[in-house]
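The sequence lines fix the lettering, A, B, ..., with proteins before strands; numbering per chain opens at 1. This structure is a prediction, so every number in the text was calculated from the model and none was measured.
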Amino acid sequence: MLEKTFDPKSVEPRLYAAWEASGAFKPSQDPNAEAFTIVIPPPNVTGSLHIGHALNNTLQDVLTRFHRMRGKAALWLPGTDHAGIATQMVVERQLAAAGNVGRRDMGREAFVEKVWQWKAESGGEIVNQLRRLGASCDWSRERFTLDEGLSAAVRKVFVQLYKQNLLYRDKRLVNWDPQFQTAISDLEVEQRETDGHYWHFAYPLADGVTFQYPVAFDEDGKATAFETRDFIVVATTRPETMLGDTGVAVHPSDERYKDLVGKFVTLPIVGRRIPIVADDYADPTKGSGAVKITPAHDFNDFGVGKRHGLPALNILTPDARLNDEVPAEYQGLDRFAARKLIVARAEEEGWLKEIEKTRHMVPHGDRSGVVIEPYLTDQWYVDAKTLAQPALKAVEEGATVFEPRHWEKTYFEWLRNIEPWCVSRQLWWGHRIPAWFGPDGHIFVEETEEEALAAAILHYGDDAPILRRDEDVLDTWFSSALWPFSTLGWPENTDDLKRFYPTSTLVTGFDIIFFWVARMMMMGIHFMGEVPFKQVFINALVRDEKGAKMSKSKGNVMDPLVLIDELGCDAVRFTMTAMSGQARDIKLSKQRIEGYRNFGTKLWNASRFAQMNECVRVEGFDPGSVKQPINKWIRGETVKTAAEVTRALEEPSFDAAATALYRFIWNVFCDWYLELAKPILNGDDAAAKAETRATAAWALDVILKLLHPVMPFITEELWDKTAEFGSPRTGMLIVERWPELPESWIDPEAEAEIGWLVETVGEIRSVRAEMNVPPGAKPPLTVIGANPETKARLARHRDLLLTLARLDSAREAEAAPAGAVPFVLGEATGALAIAEFIDLTAEKARLSKEIAGHLGEIDKTAKKLGNPDFLARAKEEVVEENRERLADAQAAKAKLEAALARLEAVG
RNA sequence: GGGCGGUUAGCUCAGCGGUAGAGCGUCUCGUUUACACCGAGAGGGUCGGGGGUUCGAUCCCCUCACCGCCCACCA
């Protein structure tokens, strides 16, 4: 006998272990089975399972389990990402906390050794947490971005791209993170709105030059008054950069400064003589219209400098202090300290003209949180523009489809405006770049040191000098970009690669469309000649119930593991599935999860009821042959639900699948079928009883299968707990075949008949509640004006009607008995003899309300049908539908009006 | 500045060309032998505003307003 409630805590670990041990997570070996592949978005090895992972991985597991049950060779390939900066940060922090020497004192080799040690000890936590979620990943294929195979793939890709001129070394401005002292890519820069100032500086003109600056204007904007100036005003939000200024730019058409182009200013503090140049970049409407040019520390200025031959003077050290290019008193100062001093000096010396407060966007490192500096260094770049073209084409032509579709626009937008991708990082934890330098700076890019040496010998001759390997590692996303094929064994042409590439569906968040999805598309197409996945399902972002992003500092974080402990894994999973609509945000509340926990309990108790009533599986039972209307009906409803869930998961439209399951199980199977079955199960008709038992058991089995992808634990447990009854089970639910039921099992007649019964019971219950008939009272029902079909139905289901509507009797008559309360029942009229409970006023109100409802309907429909255009142009069936609706409403209204008239006559 | 979403019942959302739906919450009633993590019933919306297309618009088009996000912008 089943317990009264399901106990997830004891069941989940046991079932998960059984699944894993059985090998069910491995893809089928059947060579005829179609492949279905998902590669996991590899979580950071430092990570722990947050609610976003719970959503993302639940959806992947739902798909994997669904396709596995459909007989496909389903592979969900798991793994983790070495997460360069994030991991290095964690370990460095840990070393510091333990009082160890810092990374730089420790040296590269020792430090990397420490990171590996850390990984071995605490790096795999998230993988175990995925197990708690029920993830049916094939753990035997688990990969890590820094493992041997993936590292080989990374080296190969790097070398090939280099030799194809799609990867190169270049000296240009990068986003420099002064805290980590590494370059980062554009995507790792986060613009944060910050309070700041515009400091307006007057740069003195050199060589005694003066000019007339307009100070008053007439209505037409023409200058009417001028002052003589021996300076030009520029504005900046970063005063310290002035020490690196090598020019001032004005717009070529700016009348004010026309005569200054080609002249010079003397840079304050430094005393450098720098030119005034004309460049379109200077915007006459902004500030003073003149702009200082610091080529080495501003992306725009770099371009201006190049166009006008202005030198790029680097004034910063890697940790953003001023270097020895600046006057001695500023050397070694932190950039912000220098800023203060320069402003103070400008004020003191009188060339600070104005301070303007402003709020502007300032670039910050997404990991370090410090202000990024544009910094002139040598780095490795991937020619993303070239690689992007086939990636664009693939989505334009539908080789890869996004779901929801609109994310394709975001993808296009980024790829069409893509910039070179800086892939080198000045870190230690990651894939070391396979490039070697000769003493003369000649570069050898090869997969191994031996090959590099061989190349060096070719280049230099037999007495080749000692090569120095590039110190840098690659951007973490470089290896992630290879994930769909590197995890399957590339560059070896493995069986897995042949069988499982391209993968089927990628499930991920929109926040990494650029970081990851687009780059996998570029690399996958380039190296495999085929897109890495056919579909990209973009899941929403989970937020708290007020819509705020969950964060530790806000204290609104919901820990999925705590929720699983409290409410069960299935409840969490169903919630994730049900809330996975097209919206960008999911507002998660605990109450919602509780609701789905209750749903699980409901199913559990329905099974318990079935068990108590000996509803067991019957060997050879054919649902197609059932005789009882309720059994024909539930058979059809089951078929419809199976079709709906199948369709929804194929798309996938997770919320639609969840909704269909919830409604069917609770509102159809439990609320109606089991209630309708009770009289038969308690009755004397042995044949009907046996048939109903078998049908109920069959329907429950289908329910367990259909629900299994979403709620694997409770369904597997019920499958197992009912295994000992009736005809034997062949194995675990996880490897059962997905139901494919014939449409012919939908019986329209049974549907109409049970529909009538449900509607009749509903009407009577409604009247009872509105008239406050005590639950214990069992009034007689009279049906007036029934057609032969209704009469037959009434006869067939009289017992059911009496039980469900709590009636004493139900008979046909020519007229309603005096004092009975009427209600519309299709073509007939029902009358409930509840005279002793009737409140005349309440009854009149009830009838009037009903009449008003029908009147509204009549008005609307009649108007429609009175429109000749409607009759002429609307579809035939729509017109017909409206005619019927009008007739029904008119008939119903007439009946109720007659009843109301009788009441009025009585008083 | 460029782009993308959203605006439907108190809340969270589904529906996306032909009678406005669900869950939760609210109110009323209920210890009927699966389930109070339950059952029965009820109330609640001029589908953000304005135009247009159509026989017909919550749904398609235009426009405005508000909310959110992404990208660019450190004079």
Side-chain angles (χ1 to χ4, degrees), chain A residues 2 4-6 186 191 194 196 198-200 233-238 241 249 281-283 285-292 298-300 356 358 360-363 371-372 374 404 406-407 409-410 412-414 417 510-511 513-514 541 545 547 567 571 578-579 581-589 591-592 594-613 655-656 659 662-663 667 670-671 674-675 678 682 761-762 765-770 772-776 803 806 857 860-861 864 867-875 877-879 881-882 885 889:
Chain A
L2 292 172
K4 207 165 172 179
T5 53
F6 172 60
D186 299 346
Q191 302 292 341
T194 310
Y198 288 134
W199 284 279
H200 295 248
V233 175
V234 295
T236 181
T237 56
R238 295 185 301 157
T241 62
Y281 165 65
D283 182 345
T285 65
K286 271 192 189 168
S288 67
V291 56
K292 62 194 268 312
D298 182 287
F299 288 100
N300 290 310
E356 201 184 327
T358 178
H360 60 155
M361 300 301 258
V362 177
V371 175
I372 292 304
H406 67 80
W407 287 109
K409 291 181 189 162
T410 304
F412 291 146
E413 188 62 23
W414 188 66
N417 298 299
F510 56 79
D511 49 333
I513 289 178
F514 304 151
L541 213 67
E545 52 199 315
L567 298 165
M579 299 190 80
Q582 306 241 316
R584 286 168 179 240
D585 297 339
I586 291 179
K587 289 172 191 149
L588 186 64
S589 74
Q591 203 181 31
R592 185 98 187 218
E594 278 167 2
Y596 293 126
R597 185 268 322 266
N598 298 352
F599 170 65
T601 307
K602 186 75 183 176
L603 172 66
W604 185 265
N605 277 290
S607 304
R608 195 158 158 265
F609 171 83
Q611 197 187 51
M612 291 166 101
N613 286 279
D655 55 336
T659 305
Y662 188 97
R663 290 170 70 113
N667 303 119
C670 292
D671 285 350
L674 292 184
E675 293 306 321
K678 278 176 184 175
N682 294 327
V761 170
R765 282 175 175 170
S766 180
V767 170
R768 291 182 65 122
E770 271 182 79
N772 289 314
V773 177
T803 310
R806 306 184 67 72
E857 185 74 22
K860 217 164 106 184
T861 319
K864 228 178 201 182
N867 179 353
D869 283 333
F870 174 71
L871 295 177
R873 305 195 192 210
K875 274 178 284 183
E877 59 263 37
V878 173
V879 176
E881 200 183 302
N882 276 280
R885 199 183 302 154

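Classification of the A/W407-A/F510 ring pair by plane angle, with boundaries at 30° and 60°, yields parallel. Note: A/Y198 and A/H360 have perpendicular aromatic rings, judged against thresholds of 30 and 60 degrees for the angle between ring planes.
Heavy atoms of A/N613 sit nowhere under 4.0 angstrom from any nucleic acid atom. A/E356 comes within 4.0 angstrom of nothing in the nucleic acid, heavy atoms only. Nucleic acid contact class of A/R768 (heavy atoms, under 4.0 Å, all strands): none. Nucleic acid contact class of A/K4 (heavy atoms, under 4.0 Å, all strands): sugar-phosphate only. A/P774 comes within 4.0 angstrom of no nucleic acid atom, judged by non-hydrogen atoms across all strands. A/A872 comes within 4.0 angstrom of nothing in the nucleic acid, heavy atoms only. Looking at heavy-atom distances under 4.0 Å, A/R765 makes contact with sugar-phosphate atoms alone, never a base. Residue-level contact check: A/M361 touches the bases, meaning some heavy atom is under 4.0 Å from a base atom. A/A282 comes within contact range of at least one nucleobase, with a heavy-atom separation under 4.0 Å. Contacts of A/I372 with the nucleic acid, taken as non-hydrogen atoms under 4.0 Å apart, include base atoms. The residue A/F412 sits apart from the nucleic acid: no heavy atom pair falls under 4.0 Å. At a threshold of 4.0 angstrom between heavy atoms, the contacts of A/N300 are confined to the sugar-phosphate backbone, with no base atom among them. Using a 4.0 Å heavy-atom criterion, one finds that A/E857 contacts the bases of the nucleic acid, with or without backbone contacts as well.
The phosphate of B/C55 has OP1 or OP2 within less than 4.0 Å of a side-chain N or O from A/R873. Side-chain nitrogen and oxygen atoms of A/K409 include at least one within less than 4.0 Å of the OP1 or OP2 phosphate oxygen of B/G5. Neither OP1 nor OP2 of B/A40 sits under 4.0 Å from any side-chain N or O of A/S766. Proximity of A/K875 to the phosphate of B/U54: no side-chain N or O atom is located under 4.0 Å from OP1 or OP2. For the pair A/R592 and B/C24, the criterion of a side-chain N or O lying under 4.0 Å from OP1 or OP2 is not met. Between A/N598 and B/C38 there is a side-chain polar atom (N or O) within less than 4.0 angstrom of OP1 or OP2. Listed pair A/K678 / B/A34 meets the phosphate criterion, a side-chain N or O lying under 4.0 Å from OP1 or OP2.
Comparing A/E770 and A/V362 by the nucleotide of RNA chain B whose heavy atom lies nearest to each, the residue mapping closer to the 5' end is A/E770. Along RNA chain B, the nucleotide nearest to A/F609 and the one nearest to A/E413 differ in position, and the one closer to the 5' end is contacted by A/E413.
When the P atom is used for both B/G25 and B/C16, the distance is 27 Å, rounded to whole Å.
Rounded to an integer number of Å, the gap from A/L541 CG to B/G68 C1' is 12 Å. Going from atom CH2 of A/W604 over to atom P of B/C35 covers 15 Å, rounded to whole Å. As rounded to whole Å, 10 Å separates atom C1' of B/A14 from atom CZ of A/R663. The interatomic distance linking A/N882 (CG) with B/C55 (C1') rounds to 11 Å, in whole Å. The CD-P distance, from A/Q191 to B/C71, rounds to 8 Å in whole Å. Rounded to whole Å, the distance from CH2 on A/W407 to P on B/G6 is 10 Å.
A/R663 CZ: 12 or fewer foreign heavy atoms inside a 6.0 Å radius.
Judged by atom type and distance alone, A/R597 reaches the base of B/C37 through a side-chain donor-acceptor pair under 3.5 Å.
Across all strands shown, B/U54 forms no Watson-Crick or G-U wobble pair with both key distances under 3.5 Å. Here B/U12 sits opposite B/A22 as a Watson-Crick or G-U wobble pair (both hydrogen-bonding atom distances under 3.5 Å). Look at B/G41: its Watson-Crick or wobble partner, with both distances under 3.5 angstrom, is B/C27. With both pairing distances under 3.5 Å, B/C4 is matched to B/G68 as a Watson-Crick or G-U wobble pair. In a base pair of the Watson-Crick type (N1 to N3 plus N6-O4 or O6-N4) or a G-U wobble (N1-O2 and O6-N3), with each distance short of 3.5 Å, B/C35 is matched with no nucleotide.
Looking at the side chain of A/K602, the nearest of the listed nucleotides B/C35, B/U32, B/A75 is B/C35.
To the nearest 0.5 Å, atoms CE (A/M361) and OG1 (A/T194) are separated by 8.0 Å.
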